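What follows is a single structure, written as structure tokens, with notes after it.
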Amino acid sequence: YGRTPPDHTISGYWGATSPDGIHWAAPPQPVNPVLRDPGDVGNFVWDAHASRYTGYPKKFTDVRGFNRRCVGFSATNDFEAWPTSRMILVPDAFDDRWVTQTGQRTEFYGLSAFAYQSMYIGFLWVFRITDGNNDGPIFIELVSSHDGVNFVRQEEPRMPILPLGPANGWEDGMVFTPNHPLVEGGIIKLWYGGFSNTHAQSPETAAIGLATLRKDGFASLDAGASPAIIATRKLIGAAGPLRVNYSAPAGWLRVEVLDAGGRVVPGYGRLDCDPLQGDSVDQPVSWGARTNLPAVQDGISLKFILRNGSLYSFAAG
């Protein structure tokens, strides 16, 4: 436990294996702990992008005068040997915007991050210490990353992706996420733990809840009555059908394809595109009889022209 050295200098995370997920066995000593670490909370997951195990254990460091809970990172190809974690996320000044009394502060209780589509998504456990000591609520904010290590926080005002429940309910004190959600069809399903008490209070109610979200629905780019343009960077190797996750039941979406010089590829202009109207998590785009992206040397870029709608994601191939 990180705040009480030297009594707990051999604390850490222990490994175990199972053939069925029910019956578990620890490896023989002295393998355990597989990660010597002073934190008491950690989330670990297989990273399919990098073909390695990754972990996000709690770490402690001084942040603006307080020894705060923060987030570390460790990764390994050998499950029985993890390197010492390094710090990757600490609370910034905006996290303390709510503070009104001496001793109040924001800490990060944990992070469950995972590979998602072509990048990484993380659920950050935000702990607001309201009593100046060790009590307060915990809720979830969204972070994202292209490598699973360097995470980007939400833009202000950082609305929770999983907030606390209604007052006096079973989840109005704390919520915690597992190491990754499940995607079934067009829905993201997240089973999570909820508590009616805050961190230092005795539990009254603890239960498992299910939160759902549209596939890729973590964020969107939105347009109103005036058409808006979303332009991508140059895409190398984009080929095959173009599919979009969008919602425009009262509007439309068109796509224009540009070559490496920024010129519209003949036959792939915005007016050539069959307008998309409706709501779909996996809608193919067509330009008349053309249903595949053009083969263009040096790559292409895309322009999405959107009116009264939202664009969540796109994929090629």
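What you see is a predicted model, and the numbers here were worked out from it, not measured in a lab.
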Without swapping roles, check the side chain of Ser301 against the backbone of Arg233 for a donor-acceptor pair under 3.5 Å.
no
For a quick test of your reading: what N or O donor-acceptor pairs under 3.5 Å do the side chains of residues 182-194 make, sequence neighbours left out?
unit_1 : atom_1 : unit_2 : atom_2 : d
Glu184 : OE1    : Lys189 : NZ     : 2.7
Tyr192 : OH     : Glu171 : OE1    : 2.5

Looking at Trp82 versus Phe44, is the centre-to-centre ring distance below 6.0 Å?
yes
Look at Asp274 together with Arg290 and state whether they make a salt bridge at an N to O cut-off of under 4.0 Å.
no
Can Lys234 and Asp259 be counted as an ion pair, charged N to O under 4.0 angstrom?
no
Output yes when a side-chain donor or acceptor of Asp172 lies under 3.5 Å from a complementary backbone atom of Asn168, and no otherwise.
yes
Are the side chain of Arg158 and the backbone of Phe94 linked by a donor-acceptor contact shorter than 3.5 Å?
no
Is a donor on one side and an acceptor on the other found under 3.5 Å between the side chain of Asn308 and the backbone of Gly251?
no
Is the distance from the ring center of Phe314 to that of Tyr246 below 6.0 Å?
no
Can you sort out the partners of Arg270 under salt bridge (charged side-chain N to carboxylate O under 4.0 Å, His left out), two or more places apart, ordered by chain and number?
Glu256
Salt-bridge present (Asp96, Arg68; N to O < 4.0 Å):
yes
Can you confirm whether or not the ring centre of Trp46 sits under 6.0 Å from the ring centre of Tyr53?
yes
Is a salt bridge present between Lys58 and Asp37, judged by a nitrogen-to-oxygen distance below 4.0 Å?
no
Backbone N/O of Ser51 and side chain of Asp47: donor-acceptor pair under 3.5 Å
no
